[in-house]
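Here the structure is a predicted model, which means the values were calculated and not measured. We count ligands from 1, going down the list as the structure has it; atoms in each ligand are counted the same way.
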Amino acid sequence: MKEESLKPETLLGHYAEARAAYHGAVVPPIFQNSLFTFESWEAIDRAFGHRRDHFIYTRVGNPTVEMVEKKLARLAGAEKGLLFASGMSAISAALLHYLRPGDHVITLKNIYGPANNLIAVYLKEKMNISSTFIDGSDVAAFEAAITPQTRLIYLESPTSATFRLQDIAGVCALARKRRLKTIIDNTWATPLFQKPLTLGVDLEVHSCSKYLGGHSDLVSGLILGAAEDLDAIATGERELLGGVMAPFEAWLILRSLRTLPMRMERHQHNALKVAAFLESDPRVRRVDYPGLPSDPGHQLALKQMSGFSGLMAFEPGLEDLKQIRTFFNSLEVFQIGVSWGGHESLIYAPVISYLKELSPERFRAMGISPARMRISVGLENADDLIADLDRALTLAER
Ligand SMILES: *Cc1c(COP(=O)(O)O)cnc(C)c1O
């Protein structure tokens, strides 16, 4: 089999699976072991001399984990991939790989909340790393934010809270010219619908807890990039900070990847239908979804992405918190919960967490509507999802 030219569906089913070595088992076994044993002093001595080519201890490397890393790297067009215990573990490792005390980071106001806290608070307090948070819709604004201390630009396109895009190739060209490193959180689009490494990004990070896992049964993270960077991260941040992927979780991802292209096709199909329904319904004031031709990011999306996933936000035209709650509580197919990217459709109202942290006055001053709803469109039938939203909108307006 010429594995190099395989299309995603075939690649994810077959690539990197040495079936002959596992008695022909169609599903590879889980190497559920912490250590690997050796025949002799000479053998373990040799393994320590060539650590990349031998398995010694699962924090350093494990065959089940490595098989999934190879598949994901191949899918993304990366030289190498490394799995982590969570998306945040991958994000923190990628940041620590590039950053030194005193450095400056440019990123977006609306990046994933914990990544925002990591950069703005944790890295500031522990390593004196400063940061500038910008809107990100304009390459010139990145250039204007560069200082002599700037080392890194951290992107998330589309952002998973506001669904805004950055011009990835444009920002990367600027970064190259000014000798800055770039990292992108590519969780929303998945390596299937967006290939940031081919647009010039240095490191691509993912939360595999979303579509790559896809069944809401695991938490995991991933870094993709050049072998030189990833070898340094493997022996540095991953081996020493120790946020490694467990073999069982890696095996679950292996299972999930076999259906990733079909699942993403269906998420896209359903999300486009749901977004079109919401946009056309007079009871809905606003829809944020780059898959809609009316979305401000749509043209750029067509240029740098090849598909749209299922996470979006919308605002029913409801003012009263009681009505908003009625809408939320009336849904029957959409389940209430955080996270996204699984088979099931989910809804969350960001106002619930904002009101825990901010006074109602400060919340209103931020310009976010309390009616804003975030939905993860799952794999159910799109007509059932639309009927569910339609019913809840009607009940809320009673
Ligand atoms: C969930 C998420 C993360 C963090 O991933 P975990 O696996 O929960 O640590 C990072 N970025 C985005 C965009 C996410 O949605």
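Under the 3.5 Å distance criterion, the side-chain polar atoms of Glu315 are left unmatched by any main-chain donor or acceptor of Arg372.
Atoms of ligand 1 lying under 4.0 Å from at least one heavy atom of Ile91, given by number and element, are 10 (C). Within ligand 1, the atoms closer than 4.0 Å to a non-hydrogen atom of Ser220 are 7 (O), numbered from 1 in the order shown. Residue Ser160 approaches ligand 1 through these ligand atoms, each under 4.0 Å from one of its heavy atoms: 13 (C). Residue Ser209 has at least one heavy-atom neighbour below 4.0 Å for each of these atoms of ligand 1: 6 (P), 7 (O).
Taking atom 15 (O) of ligand 1 as the reference point, the nearest protein heavy-atom neighbour is Lys210 NZ, 2.6 Å. Regarding atom 6 (P) of ligand 1, its nearest protein heavy-atom neighbour is Gly87 N, 3.3 Å.
In this structure, Val205 does not count as a contact residue of ligand 1, since none of its heavy atoms falls inside 4.0 Å of the ligand. Ligand 1 lies nowhere less than 4.0 angstrom from a heavy atom belonging to Ser89.
Between Arg46 and Glu39 no salt bridge is recorded (no basic side-chain N to carboxylate O distance below 4.0 Å). Between Arg255 and Asp217 there is a salt bridge, since a side-chain N of the basic residue sits under 4.0 Å from a carboxylate O of the acidic one. Between Asp281 and Arg283 a salt bridge is recorded (basic side-chain N to carboxylate O distance below 4.0 Å). Arg51 has no carboxylate O lying under 4.0 Å from a charged side-chain N of Asp231, or vice versa, which leaves the two without a salt bridge.
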For residues 55-72, run the donor-acceptor check on the side chains, cut-off 3.5 Å, and write out each pair with its distance to 0.1 Å, sequence neighbours left out.
{"unit_1": "Thr58", "atom_1": "OG1", "unit_2": "Asn33", "atom_2": "O", "d": "2.5"}
{"unit_1": "Thr58", "atom_1": "OG1", "unit_2": "Asn62", "atom_2": "ND2", "d": "3.1"}
{"unit_1": "Arg59", "atom_1": "NH1", "unit_2": "Glu239", "atom_2": "O", "d": "2.6"}
{"unit_1": "Asn62", "atom_1": "OD1", "unit_2": "Thr64", "atom_2": "N", "d": "2.9"}
{"unit_1": "Asn62", "atom_1": "OD1", "unit_2": "Val65", "atom_2": "N", "d": "3.4"}
{"unit_1": "Asn62", "atom_1": "ND2", "unit_2": "Phe31", "atom_2": "O", "d": "2.9"}
{"unit_1": "Thr64", "atom_1": "OG1", "unit_2": "Phe31", "atom_2": "N", "d": "2.8"}
{"unit_1": "Glu69", "atom_1": "OE2", "unit_2": "Leu83", "atom_2": "N", "d": "2.8"}
{"unit_1": "Glu69", "atom_1": "OE2", "unit_2": "Arg238", "atom_2": "NH1", "d": "2.8"}
{"unit_1": "Lys71", "atom_1": "NZ", "unit_2": "Leu12", "atom_2": "O", "d": "2.9"}
{"unit_1": "Lys71", "atom_1": "NZ", "unit_2": "Tyr15", "atom_2": "O", "d": "3.0"}
{"unit_1": "Lys71", "atom_1": "NZ", "unit_2": "Glu17", "atom_2": "OE2", "d": "2.5"}

Could you list the donor-acceptor pairs under 3.5 angstrom formed by side chains in residues 271-279, with sequence neighbours left out?
{"unit_1": "Glu279", "atom_1": "OE2", "unit_2": "Ser294", "atom_2": "OG", "d": "2.4"}

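Around atom 13 (C) of ligand 1, the closest heavy atom drawn from Ile111, Leu218, Asp185 belongs to Asp185. Scanning Trp188, Trp340, Tyr112 for the heavy atom closest to atom 10 (C) of ligand 1 points to Tyr112.
Residue-environment remark: OH (Tyr22) exceeds the threshold of 12 foreign heavy atoms within 6.0 Å.
Geometrically, ligand 1 and Met88 share a nitrogen or oxygen pair separated by less than 3.5 Å.
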